[in-house]
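In the text below, chain A, chain B and the rest are named by the order of the sequence lines, each starting its count at 1.
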There are 2 protein chains.
Amino acid sequence: MRVSLKDVAERAGVSVKTVSNVVNNYPHVTPAMRARVQQAIDELGYRPNLTARHLRKGRTGIIALAVPELGNPYFAELAGHVIDEAARHDFTVLLDHTQGRRELELLVCQGFRARVMDGLILSPLELETEDLRGRAEETPLVLLGERRYDLPYDHIAIDNIAAARQAVGHLLDLGRRRIAFLGAREDRAQQPAHLRLLGWRAELADRGVPVDEALVGYSEGWERADGAAAMARLLDSGQRPDAVFAYNDLIAIGAMRVMSERGLRVPEDVAVVGFDDVTESRYGAVTLTTIAPDKRAIARLAVESVVKRLDAVHGDGGVPESQEMHPAFSLVERESTRGRGGR
Amino acid sequence: MRVSLKDVAERAGVSVKTVSNVVNNYPHVTPAMRARVQQAIDELGYRPNLTARHLRKGRTGIIALAVPELGNPYFAELAGHVIDEAARHDFTVLLDHTQGRRELELLVCQGFRARVMDGLILSPLELETEDLRGRAEETPLVLLGERRYDLPYDHIAIDNIAAARQAVGHLLDLGRRRIAFLGAREDRAQQPAHLRLLGWRAELADRGVPVDEALVGYSEGWERADGAAAMARLLDSGQRPDAVFAYNDLIAIGAMRVMSERGLRVPEDVAVVGFDDVTESRYGAVTLTTIAPDKRAIARLAVESVVKRLDAVHGDGGVPESQEMHPAFSLVERESTRGRGGR
DNA sequence: GTGAAAGCGCTAACAC
DNA sequence: GTGTTAGCGCTTTCAC
């Protein structure tokens, strides 16, 4: 950070502009001049000061990504994809986690935690519409995940209801009738996020299977421990489901652990479907049938959304309309519903 | 990013300096003045431009963290801790992954990928001493992990040899004698990173158990799939170990999956010890005995190292000597060695 | 306690 | 093609 454009210019006996041209690969520079400047750059070990460039251009080349928890492999894997997609557009990624705490989500939105950024990709859990409505920041914001806000921000999420219905449908197809839902939240007046729970209800209803609310397992979080606790509670309450549809893979994995401890076989006694297709679900004594969202597509759409808006601001024209985007998903059938032998 | 200090100054009818004083909580400002300026700030919705501040102060408040792969929960969990520790020092974290590719590790070191950063925390896999020796950057660099370089950079890693010995010792204590090592690399002339393999050899030798090189399972990577493949190869070669010490938890998990497929019981037939204590190892049909490094300490030491060096540069005095730091670790005994009932 | 002005390193008009 | 120059928005001497 010590040697500047000016130093190089002096050394090469040219103006700063010329050096700048060379550094930025400006086309109209004579090869001879380019070589001369380049030599000075090499000799001095010049490295452009990005901060200065950013100040001048009004851009930092940084996209912030805020997820609830990096300990959840879904978000870790997603972050990896976002980093890759961002790199394709010459952006780097500032990563933050909110631990699903509303105040942290809010701070992130307002740019208080990740302060230098051109855009923000946020996967909210607790954030309310009112929090977002008051957002003063004009840096582009993209929302990820199940929660929907009626606000003009791009939103990227698979069709959670359809996915849940497919998962439940799969269990019904296998002849299961007492299908529990694991991972509902009860500390909320409204449960705005639980499209997956809605899907569970809808599919059961459509297929003429009575919806038994006693089969809804509540939990505080969505980690493995929460899944284990919810499953234990369900079994302790005397329920004996023949299938479990879990809010996510971690909950499913926690639940399977408890079943294993209690001598329940998966899938013979209880079939299990998860959600997220984290790598972990492909291993373990019983591999997990799960909904696989196209994570790479989610990352790509998110980054593109930010970049597009950035270009719109700096470029000519109108800011694009905000959109709902629904990347693809698929049901991956594994041993937790099919058993070891396959079908 | 539109309203600047100057705008606020005009609005409040004061100078830029005064506004700056208020924004930065400079102590010697009369309360009345402070209130007046604050009002202008609020009315205009002023937000300081961090980039400009950074340019001026020569600091960005960003620490870059580069790990091989976020899909490995060890690194994801570590990243979470680094973010937390960085936040304690008012830094944010730019995250990158190198996929264990030497050229990417090199680019990161040279600041080509994460370009705006005050310091770099790097967990290298393939990087060679010569790569690092030529590093021109003067931004602080901290190295994490098993690899050692004889260079003046802070290096943070648990005592891998001691940890490996403790793991192998535990298996020996349980009466196991044919202890395989899973996750060695064979594509390297020297295996500079494999302190864990050294520990395996040393402990066996010390305890008078013959070291059988046929029990070393090689793999290309350190993911679950690599562990599964290595285990399958070992078994296919006719070896029948009574224990496995895996390079990391993912390899152990992959190996356990293969054993389960082949009807080998853990720990009755084969006891297993992993390395990293990822959360995943606490679940599954058989929970995994593993070496648990103090990840939070690693993160704390890494961030502190960067911050300390930064303060040294900007502050008064001498740059601190580079250090080797060895955070604590412990052996966590679970079902893969103890069985379900405990001891 | 507050103001004026210089300058961090770079880019982009605009002139030559 | 290349040089001159004016800022980007902020902090920071240094006067007052």
Side-chain angles (χ1 to χ4, degrees), chain A residues 1-38 40-41 44-62 90 111 115-118 138-139 310 313-315, chain B residues 1-38 40-41 44-61 111 115-118 137-139 313-315:
Chain A
M1 307 289 174
R2 202 127 74 269
V3 32
S4 80
L5 262 196
K6 213 164 107 187
D7 301 321
V8 178
E10 274 171 21
R11 172 81 162 216
V14 297
S15 81
V16 254
K17 168 64 172 156
T18 305
V19 181
S20 176
N21 284 343
V22 172
V23 171
N24 293 288
N25 282 314
Y26 182 69
H28 305 295
V29 184
T30 55
M33 181 57 83
R34 183 179 298 280
R36 188 161 127 216
V37 171
Q38 188 58 53
I41 289 177
L44 264 41
Y46 167 74
R47 305 292 306 279
N49 179 324
L50 276 295
T51 307
R53 183 178 291 175
H54 295 158
L55 173 58
R56 182 63 234 224
K57 306 189 66 148
R59 276 216 209 184
T60 63
I62 296 174
D90 279 323
R115 322 208 285 182
V116 199
M117 57 179 179
D118 288 338
E138 70 273 27
T139 66
L310 240 31
V313 171
H314 290 254
Chain B
M1 308 286 176
R2 203 126 74 269
V3 32
S4 78
L5 262 195
K6 211 165 107 189
D7 301 322
V8 178
E10 274 171 22
R11 172 78 162 219
V14 297
S15 81
V16 195
K17 166 66 173 154
T18 305
V19 182
S20 175
N21 283 342
V22 172
V23 171
N24 293 289
N25 282 313
Y26 183 69
H28 305 294
V29 184
T30 55
M33 181 57 84
R34 185 180 296 281
R36 186 159 128 220
V37 171
Q38 189 58 51
I41 289 175
L44 263 39
Y46 168 74
R47 306 291 306 279
N49 179 326
L50 276 296
T51 307
R53 183 176 293 175
H54 295 159
L55 173 57
R56 185 63 233 225
K57 306 188 70 147
R59 276 217 208 184
T60 62
R115 319 208 289 185
V116 200
M117 55 179 183
D118 288 339
E137 286 293 305
E138 70 272 29
T139 66
V313 171
H314 290 256

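Whole-Å rounding puts the Leu44(A) CG to dG9(C) P distance at 14 Å. The distance from atom CG of Leu5(A) to atom P of dT5(D) is 17 Å, rounded to the nearest whole Å. Note: CG (Leu50(A)) to P (dC8(C)) measures 18 Å, nearest angstrom. Atom pair Asn49(A):CG and dC10(D):P shows a separation of 17 Å (rounding to whole Å applied). Asp7(B) places its CG atom 10 Å from the P atom of dC8(D), with the value rounded to the nearest Å. The interatomic distance linking His54(A) (NE2) with dG9(D) (P) rounds to 15 Å, in whole Å. Nucleotide dC8(C) holds its C1' atom 16 Å from the CZ atom of Arg53(A), rounded to whole Å. Between the NZ atom of Lys57(B) and the C1' atom of dG7(C) there is a distance of 16 Å, rounded to whole Å.
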Open item on the list: Before you tell me yes or no, could you show the steps for Leu5(A) and Ser20(A) under side-chain contact (heavy atoms from CB on, under 4.5 Å), namely the whole-Å CA-CA distance, both residues' side-chain angles and the distance that decides it to 0.1 Å?
Closed with: CA-CA 7 Å; Leu5(A) 262 196; Ser20(A) 176; 4.0 Å; yes

TODO: Go through the steps for His54(B) and Thr60(A) under the test side-chain contact (heavy atoms from CB on, under 4.5 Å), then give the verdict.
DONE: CA-CA 12 Å; His54(B) 295 159; Thr60(A) 63; over 6 Å; no

TODO: Take Asp118(B) and Thr139(B) through the test side-chain contact (heavy atoms from CB on, under 4.5 Å) and record every step on the way to the result.
DONE: CA-CA 6 Å; Asp118(B) 288 339; Thr139(B) 66; over 6 Å; no

Open item on the list: One pair to check against side-chain contact (heavy atoms from CB on, under 4.5 Å): Asn49(B) and Leu55(A). What are the steps and the verdict?
Closed with: CA-CA 9 Å; Asn49(B) 179 326; Leu55(A) 173 58; 4.2 Å; yes

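Checking dG3(C), dT4(D), dT11(D) against every side-chain atom of Ser15(B), the shortest atom distance belongs to dG3(C). Candidate nucleotides dC10(C), dG3(D), dG9(D) were compared by shortest atom distance to the side chain of Leu55(B), and dG9(D) ranks first. Nearest nucleotide to the side chain of Lys17(B), out of dG3(D), dT13(D), dT11(D): dT13(D). Ranking dC10(C), dC10(D), dT2(D) by closeness to the Ser4(A) side chain, first place goes to dC10(C).
Of the residues in residues 18-26 of chain B, Thr18(B) come within less than 4.0 Å of DNA chain C through at least one heavy atom, sorted by number.
Toward the 5' end of DNA chain D, the nearer of the two residues Thr30(A) and Val16(A), judged by each one's closest nucleotide, is Thr30(A).
Arg56(A) comes within contact range of at least one nucleobase, with a heavy-atom separation under 4.0 Å.
When all heavy atoms of Val116(A) and Ile62(A) are compared, the closest pair comes out as O-CG2, 3.6 Å.
Side chains of Arg36(A) and Thr18(A) form no contact here, defined as non-hydrogen atoms less than 4.5 Å apart. At a threshold of 4.5 Å between non-hydrogen side-chain atoms, the residues Arg34(A) and Asn25(A) count as touching. Inter-residue side-chain proximity for Val3(B) and Arg11(B) is flagged as unmet; no heavy-atom pair is nearer than 4.5 Å.
Looking at Val22(A), Val19(A), Asn21(A) one by one, the single match for side chain to side chain contact (heavy atoms under 4.5 Å, CB included) with Val14(A) turns out to be Val19(A).
Across its full length, the helix from dG1(C)-dC16(D) to dC16(C)-dG1(D) shows an angle of 30° between the axes of its 5 terminal pairs at either end, rounded to 10 degrees.
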